[in-house]
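Here the structure is laid out as structure tokens; the discussion comes afterwards.
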Protein chains: 2
Amino acid sequence: MKTKTQDVSTSPAEAGIGTRERVVRAASRLFQRQGYEGTGIKLIAQEAGATLGSVYHFFPGGKEELAVAAIQYGDREFADMLSAGLAGSDDPADAVENCARVLATALRESDWADGCPVTATALETLGRTPPIQQACSEALRNWQEVLAVKFRDSGFGDEDAEELACTVLSALEGAEVSSQVFRSEEPLLTTGRSMAQLIRARS
Amino acid sequence: MKTKTQDVSTSPAEAGIGTRERVVRAASRLFQRQGYEGTGIKLIAQEAGATLGSVYHFFPGGKEELAVAAIQYGDREFADMLSAGLAGSDDPADAVENCARVLATALRESDWADGCPVTATALETLGRTPPIQQACSEALRNWQEVLAVKFRDSGFGDEDAEELACTVLSALEGAEVSSQVFRSEEPLLTTGRSMAQLIRARS
DNA sequence: TCCTGGATAGAGCGCTCGTTCTAGTGAGGC
DNA sequence: GCCTCACTAGAACGAGCGCTCTATCCAGGA
């Protein structure tokens, strides 16, 4: 018999965390790495150290409801990563370049597996699963706002800040995909440097 | 009985095209729109006006071999789109901005469905299906080279041209995803303008 | 002590997946 | 006329999918 109310077979870092939270985290990472369609619910349950019954207990809406929760979790996680990277410097150009470095390092350390937590799922479900698409949309909007705040705080006007945030987010997202495909930090680092130059050119 | 050697049920534009080519085109479009895992071979055959037997006749390696061919087809298709956009102007900054406009228009006209033909498949199969990942890698490299040639021809040094090409491709790829998720041309257009400014700042 | 209800557990359902297999068709060489 | 072989056609298979269902467990209230 297994231990009751808690499974020890999960990673040590996640001991003591509630089942629902473990399921969401496992789902987020798996969707990030192998997409929505490519990830089975049984695998998610297994990775979370939970059973199928528990998953459907917490997410009666099934895979779709679980995906929305996973995207929202990835949203917060990635926003924290951006904030941490941006906090590295007061100068917005340096901050963005540092941000790219942070993303590149995290990507390499995960053996190029953990890129943006929503891109894969977003592209697979575009126009076919409205709740998921909306969660992805809110995530992108959220990250863009994190960047825009930094630019406004650095003295940029509202419009400039918004445009820069849109450009920088797109560039970082695209560079992350390139880095994953090429298995190299170079696209992210190069893009980070270019974005820093663009920001200085607008100051 | 169906007509022999050719099926009329396909789109008129594809009448007279060989079965293999029709299958590759259908696969490319479906992978682009709903990803690798989310697309079944039976659906591909149906969309191509072919039968399962024909698909496995031309692609004995199954779904994986078909995906490689589809990625390579998308590679050429997207490279042509980039070239056409870049040909709009001799000035590299204007050319890139025009490129973004072309991509935005095509995206809107497909109701935000037809984005980059490899991103979705690339992210789903990363590190798990080497042949597909390599095809994706070659596609990105190819597109970057299309941009680099334009920049070199415009007077940029080899290193500058390569860095700019890397940045612009990443930015356009990321902006295309944003435009699809937001269902708006704005991310692509804004990113195009920013890239033009970056290129001018480097001239 | 018994009851209640949130949480756990996993067998089993219908279905679709990728793939295999055999049968059949017809244009072109002899 | 007939043989050959590239190609078409689709039934069938095992595996795995998302999901449902019933049974069980156990902490806390009465």
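Lettering of chains follows the sequences in order, A, B, ..., and the numbering in each one begins at 1.
Phosphate proximity of D:dT8 to B:Ser54: present, with a side-chain N or O under 4.0 Å from OP1 or OP2. For C:dT8, the OP1/OP2 oxygens have a side-chain nitrogen or oxygen of A:Thr19 closer than 4.0 Å.
Atom CZ of B:Arg22 and atom C1' of D:dC7 are 12 Å apart (whole Å). Residue A:Gln46 contributes atom CD, which lies 14 Å from atom C1' of D:dG16 at whole-angstrom precision. Atom C1' of nucleotide C:dG10 and atom CD1 of A:Ile41 are separated by 15 Å, given to the nearest angstrom. Taking atom CD1 on B:Ile44 and atom C1' on C:dT19, their separation rounds to 14 Å, with Å as the unit. Straight-line distance from the NZ atom of A:Lys42 to the C1' atom of C:dG10: 10 Å, rounded to whole Å. For B:Tyr36 and C:dC17, the OH to C1' distance is 12 Å, given to the nearest whole Å. Taking atom CG of residue B:Leu30 and atom P of nucleotide C:dC17, one finds them 12 Å apart after rounding to whole Å.
Scored by the ring pair (Phe, Tyr, Trp, His ring centres under 6.0 Å) test, A:Tyr56 finds no partners at all (sequence neighbours excluded). Every residue meeting the side-chain contact (heavy atoms from CB on, under 4.5 Å) condition with B:Asp114, not counting sequence neighbours, appears here in chain and number order: B:Arg29, B:Gln32, B:Arg33, B:Ser110. With sequence neighbours left out, the side-chain contact (heavy atoms from CB on, under 4.5 Å) criterion links A:Glu21 to A:Ile17, A:Arg25, A:Tyr73. Under the salt bridge (charged side-chain N to carboxylate O under 4.0 Å, His left out) criterion, B:Arg141 pairs with no residue at all, not counting sequence neighbours. Residues satisfying the salt bridge (charged side-chain N to carboxylate O under 4.0 Å, His left out) test with B:Glu64, not counting sequence neighbours, are none. Partners of B:Arg200 under the salt bridge (charged side-chain N to carboxylate O under 4.0 Å, His left out) rule, at least two apart in sequence or in another chain, are B:Asp91, B:Asp94.
In plain terms, the two heavy atoms of A:Asn98 and A:Gly88 that are nearest each other are ND2-CA, 3.8 Å. For B:Glu185 against B:Ala104, the heavy-atom pair with the smallest separation is OE1-CB, 3.5 Å.
Within the 4.0 angstrom heavy-atom criterion, base atoms lie near B:Gly53.
With distances taken from any side-chain atom of B:Leu52 to the nucleotides C:dT8, C:dC17, C:dT20, the minimum falls on C:dT20.
Less than 4.0 Å separates DNA chain D from no heavy atom of any residue of residues 117-134 of chain B. Near DNA chain C, defined here as any heavy-atom distance below 4.0 Å, the residues from residues 56-65 of chain B are B:Tyr56, B:Gly62, B:Lys63, listed numerically.
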Acceptor/donor pairs from residues 117-124 of chain A side chains to any protein atom, 3.5 angstrom cut, sequence neighbours excluded:
residue  : atom : partner  : partner atom : Å
A:Thr119 : OG1  : A:Glu173 : OE1          : 3.2
A:Glu124 : OE1  : A:Tyr36  : N            : 2.6
A:Glu124 : OE2  : A:Glu37  : N            : 3.3

